[in-house]
Chemist: 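Have a look at this one before I ask anything.
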Number of protein chains: 2
Amino acid sequence: MSGIKDPRAAGLAALAGLIADETRAACLLALLDGRAWTAGELARHAGVAASTLSEHLDKLVAGGLLAQERQGRHRYVRLAGARVATLVEDLAAQLPPAEGRRPVRGLREASAGSAMARGRTCYDHLAGRLGIALTDALTARGLLRQDTGFALTEAGLGWFAAAGIPLARGGRRPLARACLDWTERRPHLAGVAGAALCRHALEAGWCERIGSERAVRVTDTGERELSALLGLSPGALR
Amino acid sequence: MSGIKDPRAAGLAALAGLIADETRAACLLALLDGRAWTAGELARHAGVAASTLSEHLDKLVAGGLLAQERQGRHRYVRLAGARVATLVEDLAAQLPPAEGRRPVRGLREASAGSAMARGRTCYDHLAGRLGIALTDALTARGLLRQDTGFALTEAGLGWFAAAGIPLARGGRRPLARACLDWTERRPHLAGVAGAALCRHALEAGWCERIGSERAVRVTDTGERELSALLGLSPGALR
DNA sequence: GGCACCCTTCGGCCGGCACCGAAGGGTCCG
DNA sequence: CGGACCCTTCGGTGCCGGCCGAAGGGTGCC
């Protein structure tokens, strides 16, 4: 009440302003898949002229939300890091479920949508029903604690070690973090452990990407391994 | 890459747009103290006309960020809930430390600032060096786990029960959550446990508010109790 | 009742910004 | 070297939204 505005207000407004545009928001949501997109791809995705999108990218890069890499005549752009991904996810998680739903048009889109709901990547970890199933299985086996917060247990650390999934500890990023799933509206494992699990699942062939999309499918190998390691019933992942 | 924009983009942009104004951002930051402010107080705080602020409040209420209560000729307004508080904190935590610092003018402001740095409320939990000290003490005693995520341990649950601080479990809100401190830039305890601890500390007289501000001071009783319960050295809280 | 106070509505002003198309520069390929 | 392609810069346009002051309505106090 000292009559003086909080000095962070300008910065906060500027940061929010970067997201407060439908075209830029669409870019950020698209980039949540963790991949690098070219400026042209994003322009087509957002439905605006290339020149318009170029200016948007300038702002997002200048604001520290995106990292860019120029290769020849292409401008590749991706989220600047896990912090930004978390931020966008958190904001999107605030949206009421009713909002942002749109009738699905056509069989192709319906099938793509259901594949996404089944399993997908969310920046660098697994989401969708697959992500939920893994998180629930870890919790049920006492490897992950959700009732008193969100953290791996000692047994959980041992499980990752036994599965041959190294966890980089001691960094600034939390080892385990809850990420609210968009389709399921339930928390799933993110953070260092979530990223490591996703990376290992793709490298070990437990999962594979469907086409060039975010959607992910569990392989036969994956079903066997996950059943053995976590007691996941094979049917739950289809 | 289907050429169709994510349907959440419009909602995300609208939500961010609510915060993407310096005046509204200043209001949200001010309301982070968890109290209810009148429209006039906020107008003076933000340095705009009452009519201008009235329209801002309409938008924030319509957007679900604020809850309002009309009493007589007053319009009281507060953050709509812990989710909103978390959202604003998370956004503010993204700001680079350099940004948003302003030279302190005068002794009065310097003393108020140092009181805030020593201890304050952050929506419904304790922050500042006091919040950090409590969180560190809980962690050092094995009551709180930060190395594998952020969660209370079994011993931690017992500590709260023994201290006579009830924890409402089973709700949607996480029991323990990390909140990044603005002045210290380190995580401290938030969530149900953080709120319960703060409430108990104020009710049991461990702490008291300084004037009508957010700043909080540890009392002599508090020093004794916290020393006995957590092994906190009295000097650390001054 | 009269008056002070808090807030809201309205009209008008102004600045900022998202958008486009055209033109231009850089890159790769044939 | 010519052409296709990707991106950027620039000028111009239109709209949205924040701001104010004046006027008005509701509330509480004397």
Side-chain angles (χ1 to χ4, degrees), chain A residues 1 3 5-6 9-31 35-63 65-78, chain B residues 1 3 5-6 9-31 35-63 65-78:
Chain A
M1 262 268 288
K5 196 186 306 195
D6 191 311
L12 178 56
L15 174 60
L18 287 175
I19 314 175
D21 174 88
E22 187 171 347
T23 299
R24 285 196 294 267
C27 292
L28 291 170
L29 288 171
L31 289 164
R35 294 179 306 159
W37 292 50
T38 68
E41 284 171 343
L42 284 173
R44 283 187 294 277
H45 176 78
V48 296
S51 59
T52 300
L53 201 110
S54 176
E55 294 169 2
H56 284 308
L57 292 184
D58 287 344
K59 292 181 186 177
L60 290 171
V61 169
L65 296 188
L66 298 188
Q68 64 179 342
E69 210 167 327
R70 301 196 182 253
Q71 282 182 16
R73 51 186 167 181
H74 293 278
R75 180 191 200 176
Y76 284 97
V77 94
R78 55 184 166 74
Chain B
M1 264 268 288
K5 196 187 304 195
D6 191 311
L12 179 56
L15 174 59
L18 288 175
I19 314 175
D21 174 87
E22 188 171 347
T23 299
R24 285 195 295 267
C27 291
L28 291 170
L29 289 171
L31 289 164
R35 294 179 307 159
W37 292 49
T38 67
E41 285 171 342
L42 284 172
R44 282 187 294 277
H45 176 79
V48 297
S51 59
T52 300
L53 202 111
S54 175
E55 295 169 2
H56 284 309
L57 292 185
D58 288 344
K59 292 181 185 176
L60 290 171
V61 169
L65 296 188
L66 298 189
Q68 65 179 343
E69 208 168 329
R70 311 192 103 105
Q71 282 182 16
R73 51 186 168 182
H74 292 278
R75 180 190 201 176
Y76 284 96
V77 93
R78 56 185 164 73

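When reading the values below, keep in mind they use all heavy atoms of this one structure, side chains included, and skip hydrogens, waters and symmetry mates. Because the structure is a prediction, the values reported are computed rather than measured. A note on names: the letters A, B, ... follow the listed sequences, proteins ahead of strands, and every chain is numbered from 1.
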Chemist: Roughly, in whole Å, what's the span from CG in Asp58(B) to P in dC6(C)?
Modeler: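 Rounded to the whole Å, the gap is 19 Å.
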Chemist: Separation of His74(B) atom NE2 from dA4(C) atom P, in whole Å?
Modeler: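 So the NE2-P distance, His74(B) to dA4(C), works out to 17 Å.
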Chemist: Scan Glu41(B), Arg70(B), Gln71(B) and name whichever one has a side-chain contact (heavy atoms from CB on, under 4.5 Å) with Tyr76(B).
Modeler: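 That would be Gln71(B).
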Chemist: For Arg75(A), enumerate each residue passing the side-chain hydrogen bond (donor to acceptor under 3.5 Å, both in side chains) test, keeping only those at least two apart in sequence or located in another chain.
Modeler: Asp58(A), Gln68(A)
Chemist: Is the shortest side-chain heavy-atom distance between Leu15(A) and Ile19(B) below 4.5 Å?
Modeler: no
Chemist: Quick one: list whatever passes side chain to side chain contact (heavy atoms under 4.5 Å, CB included) with Ala43(A), sequence neighbours left out.
Modeler: Leu53(A)
Chemist: Check the distance between dC6(D)'s P and Gln68(A)'s CD and give it to me in whole angstrom.
Modeler: 18 Å
Chemist: Report the end-to-end axis angle of the helix from dG1(C)-dC30(D) to dG30(C)-dC1(D); each axis comes from five terminal pairs, and the value is rounded to 10°.
Modeler: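 Result, rounded to 10 degrees: 30°.
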Chemist: Tell me every residue that passes side chain to side chain contact (heavy atoms under 4.5 Å, CB included) with Thr52(A), counting only those two or more places apart in sequence or in another chain.
Modeler: Val48(A), Ala49(A), His56(A)
Chemist: At what distance, to the nearest 0.5 angstrom, does CG of Leu66(B) lie from CG of Leu18(B)?
Modeler: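 Leu66(B) atom CG to Leu18(B) atom CG measures 9.0 Å (nearest 0.5 Å).
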Chemist: Side-chain contact test, heavy atoms from C-beta onward, threshold under 4.5 Å: evaluate it for Glu69(A) versus His74(A) and give yes or no.
Modeler: no
Chemist: Treating primed atoms plus P, OP1 and OP2 as sugar-phosphate and everything else as base, which nucleotides of nucleotides 17-30 of chain C get B, S or - for protein heavy atoms under 4.0 Å?
Modeler: -SSBBB---BBS--
Chemist: In this structure, how many angstroms lie between the P atom of dT9(C) and the CG atom of Leu57(B), rounded?
Modeler: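 Atom-to-atom, Leu57(B) to dT9(C), this comes out as 12 Å.
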Chemist: With sequence neighbours left out, what residues match Ala9(A) under side chain to side chain contact (heavy atoms under 4.5 Å, CB included)?
Modeler: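 Residues passing side chain to side chain contact (heavy atoms under 4.5 Å, CB included) with Ala9(A): Lys5(A), Glu22(B), Ala25(B), Ala26(B), Leu29(B).
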Chemist: Can you tell me how far C1' of dC6(C) sits from CG of Leu42(B), to the nearest Å?
Modeler: 14 Å
Chemist: Quick one: Arg70(B) CZ to dC6(C) C1', roughly how many Å, whole number?
Modeler: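 Computing the Arg70(B):CZ to dC6(C):C1' distance gives 11 Å.
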Chemist: Can a side chain N or O of Arg75(B) be found less than 4.0 Å away from OP1 or OP2 on dT8(C)?
Modeler: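 For Arg75(B), the contact criterion (side-chain N or O under 4.0 Å from OP1 or OP2 of dT8(C)) is met.
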Chemist: Does Arg44(B) make a side-chain N or O approach to OP1 or OP2 of dC7(C) shorter than 4.0 Å?
Modeler: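 No, because none of the side-chain N or O atoms of Arg44(B) sits under 4.0 Å from OP1 or OP2 of dC7(C).
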Chemist: If you define the side chain from C-beta out and look only at heavy atoms, does anything of Leu57(A) sit under 4.5 Å from Leu42(A)?
Modeler: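 They are in side-chain contact.
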Chemist: Between dC7(C) atom P and Leu53(B) atom CG, what is the distance in whole Å?
Modeler: 9 Å
